[in-house]
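Just so it is clear, the structure is predicted and the values come from calculations on it, not from any experiment. Computed over heavy atoms, backbone and side chain alike; hydrogens, waters and symmetry mates excluded.
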Amino acid sequence: MLKGRESLIRLIGRRRRFLRRRSLLSSSAPQIGCKEDKDEVSTESGKGNGNGDGDEEWVDCPVCGKKVRGEAPVINSHLDKCLARGTKRKLSQCTLFQLKFCTRPKVTVSSIDSDLTRTEFRPSTNDGNIHDLASEMINSDGPENNVQDESSSSSVSLTLTTNRSKICTRKSSICNRVNRVENFDGVPEFDDECKLLSGAKSMQILGLEGFPQHQISDDRIENIMDSLLSLSENRTPKCVEPLEDDDNSKILLDSFIVGRKFGDDTELTIGEMVMLSRDSENVKDPNAIKVLTKDTGHSKELGFIPRDLAQYLSPLIDNFQLTFEGHISSIPQHPHAVVPIQIYSSSIASFGEKDSSLQEFNSFRRNALCAAEFSKTHPPIPAKYQHNLLLLLKEVLKINAHLFTEGEKTLLKAFLSLSDDSQRLFARLYARKGPWFRTASISYAEICDYEEAVNGLSEAECVTLFEPVDKLQIGDVKEVLNVLNVGELRDLLCSLNKSHKKIVQNSDHGTRKQDYIARVVGAYESGLCPNLPSMILGKTGSCIRISASAESVFWRAERLFFLNGEQDLSAFLLVDLGIVKYPAYNCIFTDQIFPDRSDLLSYEEAIEVAQVMDESLDENNNELVSRCIEISASHVSSFVEEDRSSHSGSMAAFLSCFSASWVYSKVILLGVSFLEHERRYKDAIDLLKLLLVKFKSDRRRGYWTLRLSIDLEHVGCLDESLEVAEKGLFDPWVRAGSIVALQRRVLRLGKPPRRWKTPSFSNSVSRKIVEVHVQGRPVNCKTGVKNVFYGEDGERCGVEELALEYYAGEGGGWQGVHTESGIWLTIFGLLMWDIVFADVPNVFRTKFQTAPLDLETDSFYEVRRGLVEALLDKIEHGMAEELLIMSWESHVGTACRGVNWDKHSLSELRAAVTCIGGPCLASICRNLAQDYRSWSSGMPDLLLWRFHDDYRGEAKLVEVKGPRDRLSEQQRAWLLFLMDCGFNVEVCKVSNAPI
């Protein structure tokens, strides 16, 4: 895999179905990144009328006078480029917007009126000011208003109508609304744990230079959420008060059996007796109550009582010794749906001597009756994923409402107005690959009416139905064909062969699904079968897919919530199932990740380019790869590194990772690897020089400098290669393995007559590392294949296991583990736990983080310097084992970056910490705290230890190499650092034993 591709894949995450820039990237037109060719049109070009390409609008730039497409990201990029040239006086962006840089809105959005809620929009007083998205969220009183939709997903105008059917106000679509934000069981409580910094009453959004600072207060955020979630009020249960002459000890309830296991094959019958049993040891719910069969022999578990009811029945069972029995009322059609039951108390309550006992009993009894009565009209349905999606939307709108246009908020409002069935169907389809789905094949137990669910989503513009055949593009035909199975594709091809003889010639090439699709699409493209869409529709039946607008909005919400491409809604599921437990910390917000919408749109556009780059590499489309590289280079060329001193220290360090320029730099880095693989070294040199010029404070500068020096040597520029390496040694951002590699290059290239003076670091970097040679009996001797040897017991093993056997025997009686960086990062995470999750503003944005956002930046140590040094002082004075034990017992099983609970036991960690010693361990922890990213890899393979009689021991670190392996520069840097710290280090070289 090319260098940098794995990192780019993690950044992209799940590939988006609809990319706005895909057609522009794959077309033969000039690159979108070259603003002067694509986005700018001179007045002499004949397009001065503002029409631009097709229906796109063009505006005049007040700086250079050229025509520019009227989109916010294009305008911002063009302004930065114009102002950087210095051809005219440097105007502020506020002045440019006051000059009416943007065109007038294209559409008029009428007020949306329904019997549920009324939301009206009013135009911004300043058409071009993007901050009005955040400042004008209060509803206006005007009956009809204008708003500019800045959504970058399409250039087509969006017209909203007052027709209530467009917002899906049908009774079937809005009855049964769930309270979207209450009782999210098993999910962290964001409202309670996410808090603003003490003294900060509102969340400040930093604007562009020249704009006043806008404030989004807590009240305004709550008003927005109240508007979007107004329907949830109908979920409040109405309590039924018991009659005064009721026997307090008798309780009769209608409920359900939930949580039935998929592997349970128990046959249920109507009237079958059941009983309730407390499950106080349940890790997910201490109030859990099991439902068991009431057999004279062995009772079998059927499921659980709903959590809403169990929280009131469990105190009655525990505190008042009530027992409950019942019977099954009816049998559901689906084998794993909830089972209706009727339960009653079969014993008399036991009260204490205190008067409060009866009052407490009546309170629990009353609440249990209320919960049971409420469940009659709102039966529990296993749709946790629906609650998770709604919780995600709530949090995103609460914190990032200024990043959505009114049109996008309207779409979310329409989605929240839908029935439960529609929301559950959308959540299911959104999580699947798709993009097309057969309506007839959709089957979920929790969705009652599929037709109504699809109709509701269609009216809310959340899904797209199979379009008329005359509107299908070739890309749509390919996607719909993937819905068919191999048999159906074969039948379709046979039908085409009967009417189109030319297809028969190619009918015997390949029998895979993609082979059939390729032949069918080829015939359609050549015009041999124009009626193919009708034939496909006859095979597939009705099909739906997520609409482009809905996919864009929900993808944006998911991205803003998790702030990475590696997590999605499945993270909620892992928490619900108890598979992952996230650490406890406070979310303190004082700054926004994306101050305004233009920053977010530029970031999303860069991710689109990155995705196209990745897809092009999969398809071996070198031409499109080159286009992506050119586009990214064009954007980076106009990039000016900002001074982030206005942000807090912790915020400034990691904020650049959420910028478009940072994403483009990753595309360029992957492009450098691609060009080097193609032996286009001169092009790679140009890109590396561009990166080094534009990014002055980037931790990747070490790798860029090293590659530039190597590529210059490839093209024969040895003097320049040496000069680049020498300059890199004075760069404060060149660290760890990169600086060792540059030092070694300077020593190799800087020999007379190029350089006569020996560098001062010559002795340090050229130090000899102790080597130990071990011979083994190889299983294979092939180049490019992992080395495998026979161990002492005759079993096959790797070179590391063979080395462990050697050190355990004739090597000195050492104990140890093959760990590489794992055990060190685990020890660091456990010892530094309280510091890693300390209350630092802005570094924790969600409850699904395993580390602060600034862990891999310099600011991690700078912001927490006092805490880190105080802890290192304790470690140095011998308290590491005690701190390790306390941290392990307090947090065992909790997810934390670098901590591997399964691979290393507490006894191994204690032995390692004890034998390493306080001073050496403190040095390693300080190194990781100061630069976690540079030093979190390349550590020695083996950690060995042995104890003496007085519970004192010694440790040794060993890097193991096979017959054809050699030390990397990062590994060499670690070994030299460990030698400086006083460690006993060795390199164990395993070779083939002579025959």
For this session: Taking all non-hydrogen atoms of both residues into account, name the closest pair between Arg432 and Arg14 and its distance.
Result: O-NH1, 4.3 Å
Exercise. With distance as the sole test, does Ser552 use its side chain to make a donor-acceptor pair with the main-chain N or O of Ala548 at under 3.5 Å?
Worked result: no
Problem set entry | Cationic N near anionic O, under 4.0 Å, Lys433 to Glu479 | no
Exercise. Between Glu856 and Arg897, is there a side-chain N and carboxylate O pair less than 4.0 Å apart?
Worked result: yes
Exercise. If you measure from the Lys or Arg side-chain nitrogens to the Asp or Glu carboxylate oxygens, is any gap between Asp618 and Arg5 under 4.0 Å?
Worked result: yes
Exercise. Got a second to check how far Leu691's CG is from Ile668's CD1, nearest 0.5 Å?
Worked result: 5.0 Å
Seminar exercise, completed: CZ of Arg17 to OH of Tyr430, rounded to nearest 0.5 Å, is 7.5 Å
Exercise. Sequence neighbours excluded, which residues qualify as ring-ring contact (aromatic ring centres under 6.0 Å, His included) partners of Tyr703?
Worked result: none
For this session: Tell me whether the guanidinium CZ or amine NZ of Arg16 lies under 6.0 angstrom from the six-membered ring centre of Trp555 and within 45° of its axis.
Result: yes
Problem set entry | Arg10 side-chain N/O to Gly565 backbone N/O, donor-acceptor pair under 3.5 Å | no
Exercise. Between Leu617 and Phe674, what is the shortest heavy-atom contact and its length?
Worked result: CD2-CD1, 4.1 Å
Exercise. Backbone N or O of Asp599 within a donor-acceptor pair of the Ser602 side chain at under 3.5 Å?
Worked result: no
For this session: Please confirm whether the backbone N or O of Arg512 pairs with a side-chain atom of Asp515, one donor and one acceptor, at under 3.5 Å?
Result: yes
For this session: Calculate, to the nearest 0.5 Å, the distance between atoms CH2 and CG belonging to Trp436 and Leu465 respectively.
Result: 7.5 Å
For this session: Check Asp711 against Ala684 and note the closest heavy-atom contact, atom names and distance.
Result: OD2-CB, 3.7 Å
Exercise. Closest heavy-atom contact between Arg699 and Cys657?
Worked result: NH2-SG, 4.1 Å
Exercise. Thinking salt bridges, do Glu713 and Arg707 make one under a 4.0 Å N-O criterion?
Worked result: no
Seminar exercise, completed: Heavy-atom nearest pair, Ser661 first then Phe639, reads OG-CE1, 3.3 Å
Exercise. Does any N or O in the side chain of Glu619 come within less than 3.5 Å of the main-chain N or O of Ser616, such that one atom is a donor and the other an acceptor?
Worked result: no
Exercise. Just by distance, with hydrogens left out, do Lys666 and Ser7 show a side-chain donor and acceptor under 3.5 Å apart?
Worked result: yes
